[in-house]
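Everything below concerns the one structure shown next.
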Amino acid sequence: MNDLDLSNSRISLTDHTINVLLVDDQKLIGTSVGKMLETEKDIEFCHCLDARRAIHMVNKFQPTVILQDLVMPHFDGLTLVRLYRMNALARHIPLIVLSGKEDAKIKAQAFSLGANDYIVKLPDKLELIARVRYHSQSYISRLQRDEAFRKAQIETEKREREAAARNAEKIKSEMLARETKGQKQFIDAFIKSIVTAIDEKSPYTGGHVKRVVNIAIMIAAAINKCQEAPFDHIQFSDDELEEIRLAAWMHDVGKITIPEYIINKATRLEAIGDRIHLIETRFKLIEKCWALAHEKSKNDNNLTDNDCLNQKIAELHDDIAFLKLCNLPDRFITEQDAIRIRKISEKTFDLDGIRHSFLSEDEVHNLSIQKGTLSMSERKTIQNHAELTLKLLNKLPFPNHLSRVPEIASGHHETLDGKGYPQGLAGNQIPIQTRIITIADIFEALTARDRPYKNQ
Ligand SMILES: [Fe+2]
Ligand SMILES: [Fe+2]
């Protein structure tokens, strides 16, 4: 092999030996030519005695020069010269006609059919070797030039294919990036609209989630900047920050199933409306009933006691005032309070011949809530939102880099002492990302002025 420099690339080319094919029906000529060439180590020699096998031998031996006799049985040499030039593989192989005589006419004919040279046999050894070398070198150069051209073409095509593949890959990744960005924007917008709808269900919590997201991101960024223990070894990557941001957006998504009246329950008796007004109306009705009964009794000339009626009405007023106090969220219901509520409920009044209690069982139950406005079952319903957040988010096919969103989002009511919910995790079982959202959630609740359980 030798190397050829073509533009920017080095191309390795095949080294060729000089292959001499003699087509001559005389054995003696073959022996003589063979002897002349045998001293030349870089020259291979092949003798074809039968003109009919000449083309076959050309294909098989691949000569760099052909020595062609003119007078042979079956074929004359000039016919073979024409056949060589018609054959694709032999067309360009240099051809030296070996003639028995110097004849200008035959010589001219041979050249016109495509011969490259003409020698009268037997030539001088030196001359034969010189001519063989001259024609072979020229042919070998041609072979190498064609080979170099072919290889350069292949190289160029390969480079073009690689460039096209790179270009296609670039376009593909740009399209993918655009598509991913579009999908991300869509998912973001979708999440925000769902969360905003949940937030806006309540006149009190509007904007809660958005504020929790902002606070959580601020805490995470501050941890990233902090060089002091225990945060010096914590560095959230962009993907992890995105995970915290999405988890914060979705931390209360489970509230979607909580009835509005529980989320907004501002007093112990609140349901669709505040039922204290119903009790007030009922007590006014009781008062009216008593007054009417008293009047009727007077008209029937029965003995009636005004003082007694006034005392009953005063007690009634006192009871409703007490119940109104018990209905307020910041009132702690003591055992005595609960006993008095129960006693009030045991009182009855008659209306249209039917006896009614002052308070229903449900009213007693709600008014007796010791602390806050929520009953145990309502508190359970509210707490269930964290479990539902986990359930809902676990159904979403988050990509790998966001796979912890359900875990981070749903743990925001866990506490370090293991008394939180939904799973009762403790200490290190609660990831730092969850703790960030928990702190943001509590901070937001403490600083928001519009919660139903706070004094306005
Ligand atoms: Fe929550
Ligand atoms: Fe929250």
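Everything numeric here is computed off the predicted structure, so don't read it as measured data. Every number for a ligand or one of its atoms is a count from 1 in the order of the listing.
- The 12-atom threshold is exceeded at CG of N59, counting heavy atoms of other residues, nucleotides or ligands nearer than 6.0 Å.
- Using a 4.0 Å cut-off between a side-chain N of Lys or Arg and a carboxylate O of Asp or Glu, R211 and E444 qualify as a salt bridge.
- K419 has no carboxylate O lying under 4.0 Å from a charged side-chain N of E414, or vice versa, which leaves the two without a salt bridge.
- Taking 4.0 Å as the cut-off between side-chain N and carboxylate O, K151 and E155 do not count as a salt-bridged pair.
- Within the sub-2.8 Å shell of the Fe ion (ligand 2), the protein contributes these N/O/S atoms: H208 NE2, H251 NE2, D252 OD2, D441 OD1.
- Here F236 pairs with nothing under the ring-ring contact (aromatic ring centres under 6.0 Å, His included) rule; sequence neighbours left out.
- The closest approach of H385 to the Fe ion (ligand 1), by N/O/S atoms, is made by NE2.
- Atom CD of E387 sits in a sparse spot, with 12 or fewer heavy atoms from other residues, nucleotides or ligands closer than 6.0 Å.
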